[in-house]
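This is a predicted model, so every value here is computed, not measured.
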Amino acid sequence: MNIKETIQFNNASVELFGFDNGTEVKEYHLMIHVARPSLTYSEQLEAVLNAYHELLTDRLKGAVAVFKRFYLSDTANQANSVYAYAADCSECALSVIEQPPLDGTKMALWVYLQTNVLTRMNSSGLYEVCHGEYRHLWNGSAHNLAANSEYQTRLLLNEYIMQLAEESCKLADNCIRTWFFVNDVDLNYGGVVRARNQVFFTQGLTQNTHFIASTGIGGRQADPNVLVQMDNYAIAGVQEQQIRHLYAPSHLNRTSDYGVSFERGTVVEYGDRRQVFISGTASINNKGEIVHPGDIVKQTERMWENVEQLLKEAGCTFDDMAHIIVYLRDIADYHTVKEMFDKRFPDTPRIITYAPVCRPGWLIEMECMAVKECESNFERF
C-alpha cells in the first residue's frame, strides 16, 4: 500500500510517500519545504529539522534515514551549518548541493527512510544499510580538487571503484545509481563525459553490456574549485538477474548514440517489491534530438511522456512514484512548471530546483524513483 500526503508543521511542510507491503521494511520519502521564505536561513534550517525530527518521534517512529540531500540556495554561506548538524547526527549518507529551491526559500530537504534496517559507516567510507541478504551502500558529496572536471571525475570514479572493492563489489555488477553535480555545467560537463566514458570502458561498461542510471546536472559546492560532486548507490548481495535496464526505444535512444554513458533507468527486483530508478530525463526523441526547442510547456509534456514509457517498461505507472526532482534552466519557467506539476502530480513528493541541464536546449529535466509491490523468487528486500 502506498501513502501520499502533505503534513503541515510550524514554518515547514512535509510531502510524504510511504510504501508498506506488510513486510519488515517499510520505505518513506520526505520532501521537506520551508513555509515562509521571509525567514532567515538559520530559522529555515531549524524549521526543516524540527519538522523532520517531529516526524521521527511520532508518525515515523522506528524509521531510520538511509540518505539525505539538502538543496541550498547559497552553499558558500549555508553549507557549514548543515555539516555542523550532520556531525552531531551522522546516521546516513549526506549530500549537500547548491541547487536553489525555486519557491523562493533558501533550502529544502529530501530524506529517504526505511524501517528494520541496520546502518553504519564502513571503513570504505560508504554508508551501509543492511537487511537480510543485502547491504545497500550509499555515498554523498564525494569530491576532490584536481585540476579540471575531467580529472576530478576520473579520481572520483577510481576512488569509488576502490571503495566498492573493499566491500567485495564491482562498479559494473553492484552500482545502481549515480548523480554528478557539475559546477558550470555548460563549461564542465564535457570533462565529466570524457572521464566517465574512459573509466567505464576499463570496468567493462560499454554499449554492448550496460551502463548505470545517472543524472548529470548543474550544481555546486561551497568551494568554487570543486567542479564535480558525485553521489552514488550500490547493492552488495544483489544477483545479476535481479537487475534490468530500461530503454523505451519508441521514445528514447541509447545515450551512447550521442557519446555519453548512462542508462535511462534501472529496475531492481526483490522477492517482495520492485524498485525503479529513472535517470535525469528531458524532452528528447529516439533520434537523440531535442523536442520542442524553446517551449517549456511542450518540453514538460514530452518529458512526462518519456518517463511514463520508462515506468511502463518497468511495470509501473506514475502512481508508483515515490518522489520527483525537477531541474529548470530558467527560473522564469518556475510558475508555469509548478502549475503543471501541481495539476498532474498533486500528491507526489517533489522539489523544483534551479539547475541547468547538460544541453542548453533542454529547458527542463526530471528524475524519479518508484516502488511497487510484487512477488518473485528472489530474496526479499
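- Using a 4.5 Å cut-off on side-chain heavy atoms (C-beta onward), His33 and Asp103 make contact.
- Checking side-chain atoms of Glu98 against main-chain N and O of Thr75 turns up a donor-acceptor pair under 3.5 Å.
- The CG atom of Asp333 lies 4.5 Å from the CG atom of Asp330; values are rounded to the nearest 0.5 Å.
- Checking side-chain atoms of Thr348 against main-chain N and O of His323 turns up no donor-acceptor pair under 3.5 Å.
- The aromatic rings of Trp110 and Phe67 sit perpendicular, their planes meeting at an angle over 60°, well past the 30° parallel limit.
- At a threshold of 4.5 Å between non-hydrogen side-chain atoms, the residues Thr317 and Leu311 do not count as touching.
- With no hydrogens or angles considered, a side-chain donor-acceptor pair links Thr23 and Arg273 at under 3.5 Å.
- Heavy-atom neighbours of Lys4 NZ from other residues, nucleotides or ligands within 6.0 Å: above the threshold of 12.
- A distance-only check finds a donor-acceptor pair linking the side chain of Asn174 to the backbone of Lys170 [under 3.5 Å].
- Annotation: side chain of Ser283 is not in contact with side chain of Ile290 (no heavy-atom distance under 4.5 Å).
- The cationic group of Arg359 does not satisfy the cation-pi geometry with Tyr189, failing either the under 6.0 Å distance to the six-membered ring centre or the 45° limit from the ring axis.
- Counting only distance, with no hydrogens or angles, the side chain of Asn197 and the backbone of Gly259 share a donor-acceptor pair below 3.5 Å.
- Counted within 6.0 Å of CD on Glu339, heavy atoms from surrounding residues, nucleotides or ligands total 12 or fewer; the atom is thus considered open.
- Side-chain heavy-atom separations under 4.5 angstrom define the hydrophobic clusters, and the remaining members of the one that includes Leu145 are Val226.
- Using a 4.5 Å heavy-atom threshold, the side chains of Glu166 and Ser123 count as touching.
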Working for side chain to side chain contact (heavy atoms under 4.5 Å, CB included), residues Leu155 and Leu157
CA-CA 5 Å; Leu155 286 176; Leu157 287 168; over 6 Å; no

Between Tyr270 and His131, does a ring pair (Phe, Tyr, Trp, His ring centres under 6.0 Å) hold up when you go through it step by step?
CA-CA 12 Å; Tyr270 298 96; His131 182 267; over 10 Å; no

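- In this structure, Thr255 contributes its side chain and Phe262 its backbone to a donor-acceptor pair below 3.5 Å.
- Going from atom CD1 of Ile32 over to atom CE of Met107 covers 8.5 Å, rounded to the nearest 0.5 Å.
- Ionic pairing of Glu367 and Arg177 is present here: one or more N-O contacts between side-chain nitrogen and carboxylate oxygen are shorter than 4.0 angstrom.
- Following chains of ILVMFWY side-chain contacts shorter than 4.5 Å, one can reach Val267 starting from Tyr112, so the two form part of one hydrophobic cluster.
- With sequence neighbours excluded, the residues that form a ring-ring contact (aromatic ring centres under 6.0 Å, His included) with Phe345 are Trp304, Phe318, Phe341.
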Does the pair Gln203 and Ile161 meet the rule for a side chain to side chain contact (heavy atoms under 4.5 Å, CB included), with working shown?
CA-CA 9 Å; Gln203 301 300 305; Ile161 290 165; 3.6 Å; yes

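- For the residue pair Thr178 / Ser214, a side-chain donor-acceptor distance below 3.5 Å is found, with atom types taken as modelled.
- Scanning both residues, Gln44 and Leu39, for their nearest heavy atoms gives NE2-O, 2.9 Å.
- A single hydrophobic cluster is seen to contain both Met369 and Tyr71, as judged by linkage of ILVMFWY side chains at heavy-atom distances under 4.5 Å, directly or through other members.
- The environment of CG in Asp342 is crowded: more than 12 heavy-atom neighbours from other residues, nucleotides or ligands sit within 6.0 Å.
- Here the NE2 atom belonging to His143 is positioned 11.5 Å from the CG atom belonging to Leu227, to the nearest 0.5 angstrom.
- For the residue pair Gln242 and Glu269, no side-chain donor N or O sits within less than 3.5 Å of a side-chain acceptor on the partner.
- Each of Tyr233, Tyr160, Tyr127 was scored for a ring-ring contact (aromatic ring centres under 6.0 Å, His included) with Trp138, with one residue passing: Tyr233.
- At distances below 3.5 Å, not a single donor-acceptor pair connects side-chain atoms of Glu128 with backbone N or O atoms of Leu137.
- Using a distance-only test at 3.5 Å, with no hydrogens or angles considered, a donor-acceptor pair links the side chain of Tyr134 to the main chain of Glu379.
- By the salt bridge (Lys or Arg N to Asp or Glu O under 4.0 Å) test, Arg302 pairs with no residue at all, sequence neighbours left out.
- Side-chain N or O atoms of Lys106 include none that pairs as donor or acceptor with a backbone N or O of Leu72 at under 3.5 Å.
- Using a 4.0 Å cut-off between charged side-chain N and carboxylate O, Lys372 and Asp272 make no salt bridge.
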Test Asn253 against Tyr258 for side chain to side chain contact (heavy atoms under 4.5 Å, CB included), laying out the working first.
CA-CA 9 Å; Asn253 67 334; Tyr258 52 92; 3.6 Å; yes

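- A distance of 12.0 Å separates CD of Glu308 from CE of Met303, quoted to the nearest 0.5 Å.
- The number of heavy atoms from other shown groups lying within 6.0 Å of OH (Tyr334) is above 12.
- With contacts defined as side-chain heavy-atom distances shorter than 4.5 Å, the pair Asn139/Asp231 does not qualify.
- Between Arg194 and Glu150 there is a salt bridge, with a side-chain nitrogen of the basic residue lying less than 4.0 Å from a carboxylate oxygen of the acidic one.
- No hydrogens or angles considered: nothing links the side chains of Glu43 and Asn11 as a donor-acceptor pair under 3.5 Å.
- Between the OG atom of Ser42 and the CD atom of Gln78 there is a distance of 10.5 Å, given to the nearest 0.5 Å.
- Defined by atom type and a distance below 3.5 Å, a donor-acceptor pair is missing between the side-chain atoms of Ser149 and Gln152.
- Classification of Glu54 and Arg59 as a salt-bridged pair fails, no side-chain N sitting under 4.0 Å from a carboxylate O.
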I would like to know whether Leu252 and Leu310 meet side chain to side chain contact (heavy atoms under 4.5 Å, CB included); could you show each step before the answer?
CA-CA 9 Å; Leu252 297 161; Leu310 290 167; 3.8 Å; yes

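- Using a 4.0 Å cut-off between a side-chain N of Lys or Arg and a carboxylate O of Asp or Glu, Arg350 and Glu15 do not qualify as a salt bridge.
- A 4.5 Å side-chain heavy-atom check between Val185 and Ile217 finds every atom pair outside the cut-off.
- Under the 4.5 Å side-chain criterion, counting only non-hydrogen atoms from C-beta, Arg380 is not in contact with Glu133.
- In this structure, Leu16 CG and Leu30 CG are separated by 5.5 Å, a value rounded to the nearest 0.5 Å.
- Between the side chain of Gln99 and the main chain of Phe70, no donor-acceptor pair closer than 3.5 Å is present.
- Taking a 6.0 Å sphere around CD of Glu240, one finds it holds 12 or fewer heavy atoms contributed by other residues, nucleotides or ligands.
- Considering all non-hydrogen atoms of both residues, Tyr327 and Val357 come closest at O-CG2, 4.3 Å.
- For CD1 of Ile331, the number of neighbouring non-hydrogen atoms (other residues, nucleotides, ligands) closer than 6.0 Å is 12 at most.
- In this structure, His53 and Tyr85 have perpendicular ring planes: the angle between them is above 60°, well past the 30° mark.
- Between the Asn158 side chain and the Arg154 main chain, a donor and an acceptor come within less than 3.5 Å of each other.
- No side-chain heavy atom of Leu328 sits less than 4.5 Å from a side-chain heavy atom of Leu363.
- Under a cut-off of 6.0 angstrom, the local environment of OH in Tyr151 is sparse, with at most 12 non-hydrogen atoms contributed by other residues, nucleotides or ligands.
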